[in-house]
Novice: 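Sharing a structure, written as structure tokens. Questions coming.
Just so we're clear, the structure is a prediction, and the values are computed from it rather than from any experiment. Each residue takes its place number in the sequence, starting with 1.
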Amino acid sequence: MSKIQMNTPIVEMDGDEMTRILWKIIKEELIFPFVDLKSEYYDLGLENRNATDDAVTVESAQATKKYGVAVKCATITPNAARVKEYNLKEMWKSPNGTIRAILDGTVFRTPVIVKGIKPNVRTWKKPITIARHAYGDVYKSVEMKIQTAGRAELVFTAEDGTVSRELIHEFKGPGVLQGMHNVSRSIESFARSCFSYALDTKQDLWFATKDTISKKYDHTFKDIMQEIYDNEYADKFKEAGITYFYTLIDDAVARVMKSEGGYIWACKNYDGDVMSDMISSAFGSLAMMTSVLVSPDGCYEYEAAHGTVQRHYYRHLKGEETSTNSVATIFAWSGALRKRGELDGLDELTDFADRLEKATIDTIESGNMTKDLALITSLENVNVLNSQDFIKAIRTRLEA
């Protein structure tokens with residue numbers, strides 16, 4: 001058969017360990033036979049990030065701004081043990097964090113639902129997408145241990161020298177302090193990404209913080225979201241037949257647990273980190289969780305929500321058979337190809353992305369799956385496949 005032609009490249013970011021192995025197999029079995037792939041390739045494997053002093057990560061993000069669509073393999077964020085293992089020059093920053101900062105993007109994570117893998121919450125029937133603000137809060141906090149009695153203050157010195165102070169606490173003995181910040185520009189970008197993605201996917205949007213307790217910090221998020229919605233998106237939401245509403249985070253949790261799903265739940269940075277793990281676990285598996293970074297100016301970077309599957313990689317290096325779930329990585333490719341097709345007006349490419357996802361889901365629902373899914377499925381007489389054979393089974397269905 002003739003291959004589907006592409007007009008504009010996508011940015012391809014290769015990664016680490018077992019997901020890097022899967023990345024190559026996915027391209028060889030599920031992409032190259034069907035699509036004349038045009039991609040601008042960047043090796044974000046830890047060795048190359050170290051060799052380039054992490055310049056390759058910055059270059060890949062800048063290329064994403066140029067071409068508008070990227071697909072990323074899972075990468076290692078090194079700790080002290082990894083620095084020693086890979087003989088690194090330094091403990092390089094998270095590639096995802098670097099890319100998010102350059103694109104000023106918001107992360108949207110959505111579970112892939114298949115028959116036979118029932119959510120732990122019995123009312124959930126549709127996917128719940130977590131929109132995570134990806135700047136500031138506890139991830140850029142400053143901490144201090146207090147060893148003795150004293151007075152702690154929050155101090156801000158303006159450019160003109162004006163000083164503002166707020167008492168934090170009068171310590172009577174040892175304790176601990178933490179200072180957090182955020183910036184209005186980042187919150188505004190978060191708001192526009194959330195509203196645009198809701199319109200793009202035609203889903204209701206929820207936003208939740210704790211403004212009754214945090215009357216300035218969290219309330220600023222609430223106010224900015226509402227102002228941008230009222231001034232820029234209210235009419236568009238009405239026309240699309242979708243809604244936006246704000247509620248307290250504890251109320252949102254109660255609503256989520258009783259809902260059917262099928263909406264976007266926007267959260268501050270740490271809330272989104274925690275809730276996306278809760279959603280993925282409750283729906284079945286982190287390996288079935290897709291992730292897309294969306295910038296306010298319309299750039300998209302698709303990846304799996306999980307890590308590099310280190311344990312399976314070490315087994316692979318020993319020559320042992322693995323049964324690694326590649327669904328989220330496959331859906332990263334399908335998401336990027338679909339978006340490229342949408343932006344370039346290539347119906348053939350968007351249709352291929354749809355078929356690739358359907359072939360993946362149909363393979364699992366037919367009883368052919370990796371070990372992690374076989375352990376939690378309600379299907380009977382399942383066939384547990386190794387990492388490569390699972391991808392090959394998808395290719396067989398895709399060809400059919």
Novice: Under the 3.5 angstrom rule, does the side chain of R315 hit a backbone N or O of E321 as a donor-acceptor pair?
Specialist: yes

Novice: Which of these, D347, L337, T350, sits in a side-chain contact (heavy atoms from CB on, under 4.5 Å) with E342?
Specialist: T350

Novice: Scan for salt bridge (charged side-chain N to carboxylate O under 4.0 Å, His left out) pairs involving residues 229-240, sequence neighbours excluded, and state none if there are none.
Specialist: R192-E232

Novice: When you measure from the side chain of N48 to the backbone N and O of D43, does any donor-acceptor pair fall under 3.5 Å?
Specialist: yes

Novice: Could you name each residue pair satisfying salt bridge (charged side-chain N to carboxylate O under 4.0 Å, His left out) that touches residues 133-156, not counting sequence neighbours?
Specialist: R151-E153, R151-E170, E153-R165

Novice: If you define the side chain from C-beta out and look only at heavy atoms, does anything of V138 sit under 4.5 Å from Q178?
Specialist: yes

Novice: Which residues pass the ring-ring contact (aromatic ring centres under 6.0 Å, His included) test with Y300, sequence neighbours left out?
Specialist: none

Novice: Is the shortest side-chain N to carboxylate O distance from E17 to R82 below 4.0 Å?
Specialist: yes

Novice: Given Y246 and D223, is the side chain to side chain contact (heavy atoms under 4.5 Å, CB included) satisfied, shown in steps?
Specialist: CA-CA 10 Å; Y246 170 83; D223 290 344; over 6 Å; no

Novice: Do K339 and Y302 meet the cation-pi criteria used here (NZ or CZ under 6.0 Å from the six-membered ring centre, within 45° of the axis)?
Specialist: no

Novice: Sequence neighbours left out, what passes ring-ring contact (aromatic ring centres under 6.0 Å, His included) with F245? Give chain and number order.
Specialist: W206

Novice: Among pairs that include at least one residue of residues 325-338, which meet salt bridge (charged side-chain N to carboxylate O under 4.0 Å, His left out), considering only residues two or more places apart or in two chains?
Specialist: R338-D354, R338-E357

Novice: Just jot down the side chain to side chain donor-acceptor pair (under 3.5 Å) partners of E40, sequence neighbours excluded, or say none.
Specialist: Y42, Y67

Novice: Applying side-chain contact (heavy atoms from CB on, under 4.5 Å), can you list everything that pairs with L379, at least two apart in sequence or on another chain?
Specialist: M369, T377, V382

Novice: Is it the case that R132 places NZ or CZ above or below the six-membered ring of Y139, under 6.0 angstrom from the centre and within 45 degrees of the axis?
Specialist: yes

Novice: For F156, what are the other residues in its hydrophobic cluster, where any two members join if their side-chain heavy atoms are less than 4.5 angstrom apart?
Specialist: none

Novice: How would you list all residue pairs meeting salt bridge (charged side-chain N to carboxylate O under 4.0 Å, His left out) that involve residues 240-254, not counting sequence neighbours?
Specialist: K210-D250, D251-R255

Novice: For the salt bridge (charged side-chain N to carboxylate O under 4.0 Å, His left out) test, which of K27, K72, R340, K24 pairs with E12?
Specialist: K27

Novice: Has the side chain of E29 got a donor or acceptor atom that lies under 3.5 Å from a matching backbone atom of R395?
Specialist: no

Novice: Give a yes or no answer on whether the side chain of S39 reaches the backbone of I10 with a donor-acceptor pair at less than 3.5 Å.
Specialist: no

Novice: Please write out which residues are connected to Y135 in a hydrophobic cluster, directly or through intermediates, given that two of Ile, Leu, Val, Met, Phe, Trp, Tyr count as joined at side-chain heavy-atom separations below 4.5 angstrom.
Specialist: V183

Novice: Residues in side chain to side chain donor-acceptor pair (under 3.5 Å) with Y244, at least two apart?
Specialist: none

Novice: Who clusters with I102? Use side-chain heavy atoms, under 4.5 angstrom, across I, L, V, M, F, W and Y, and order the result by chain and number.
Specialist: V58

